[in-house]
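Step one of this worksheet: look at the structure below.
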Amino acid sequence: MKVESLEVRPLTKEAFASFGEVIETEGAEMRLINNGTTERFHNLAHVEATGGAARVLVNIFRGQAFAPPIDIAMLERHPLGSQAFMPLERRPFLVVVAEDEGGRPGWPQAFLAQGHQGVNYRRNVWHHPLLALHASSEFLVVDRGGEGNNLEEFFFEGVVYRIEALNH
Ligand SMILES: NC(=O)N[C@@H](O)C(=O)O
Ligand code: NI
């Protein structure tokens, strides 16, 4: 099995732009509402839910903690809807995505999300299932329910992509 080293970069809107949105208050449009008592950080992510009986689901995922070395052996995608993860316990977590190359993921890209950042994977974007860090952590997850198969998985053959350190 070939082992390729994967670097981890900080999660930024710009770096993540081709995969979806970064959910954070920084740089967001803020609207004062509720008679000035509440700041609304408006329209942070585009939620997509397509296909038969499509509806938007609000979930909580409690993810077990991963620690380096972390091997990325597979990625998945959801052809019928987007999927957003927002940390509820303000811990950093790992985001691994890849561009699509002819129906399979290209070289994975790893990002370290800070505890105040969430991500929204655009519909059909290759990503790794939840990778919580440091301790079991809960996330608010907004994704798609409905008919049909909304999960496509790809298992790399002969290679794993290893994250040796979280760097940041
Ligand atoms: N399967 C599931 O609901 N979770 C994954 O899609 C994930 O990205 O964690
Ligand atoms: Ni997913």
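Start at 1 and go down the list; that is how both ligands and their atoms are numbered. Nothing here was measured: the structure is a model prediction, and the numbers come from that model.
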Heavy atoms of other groups near Glu26 CD, more than 12 under 6.0 Å: no
Check ion pair Glu4-Lys2 (N to O, under 4.0 angstrom): yes
No-hydrogen, no-angle side-chain donor-acceptor test under 3.5 Å, Gln83 and Arg144: no
Salt-bridge contact Arg40-Glu29 (side-chain N to carboxylate O under 4.0 Å): no
Flag if over 12 foreign heavy atoms under 6.0 Å of CD, Glu153: yes
Numbered atoms and elements of ligand 1 in range of Glu76, under 4.0 angstrom, heavy atoms: 5 (C), 6 (O), 7 (C), 8 (O)
Any N, O or S atom of Asp143 closer than 2.8 Å to the Ni ion (ligand 2): no
Ser137-Arg91 side chain donor-acceptor pair, cut-off 3.5 Å: yes
Ligand 1 N/O within reach of Leu130 N/O, cut-off under 3.5 Å: yes
Closest protein heavy atom to atom 4 (N) of ligand 1, given as residue, atom name and distance to 0.1 Å: Phe61 CE2, 3.4 Å
Contact atoms of ligand 1, heavy-atom distance to His78 under 4.0 Å: 6 (O)
Distance-only side-chain donor-acceptor flag, Glu164 / Ser5, under 3.5 Å: no
Numbered atoms and elements of ligand 1 in range of Pro129, under 4.0 angstrom, heavy atoms: 7 (C), 8 (O), 9 (O)
Metal check, the Ni ion (ligand 2) vs Gln83 N/O/S, cut-off below 2.8 Å: yes
Contact with ligand 1 for Tyr121, non-hydrogen, under 4.0 angstrom: no
Of the N, O or S atoms in Glu76, the one nearest the Ni ion (ligand 2): OE2
Numbered atoms of ligand 1 (with element) below 4.0 Å of His127, judged on heavy atoms: 8 (O)
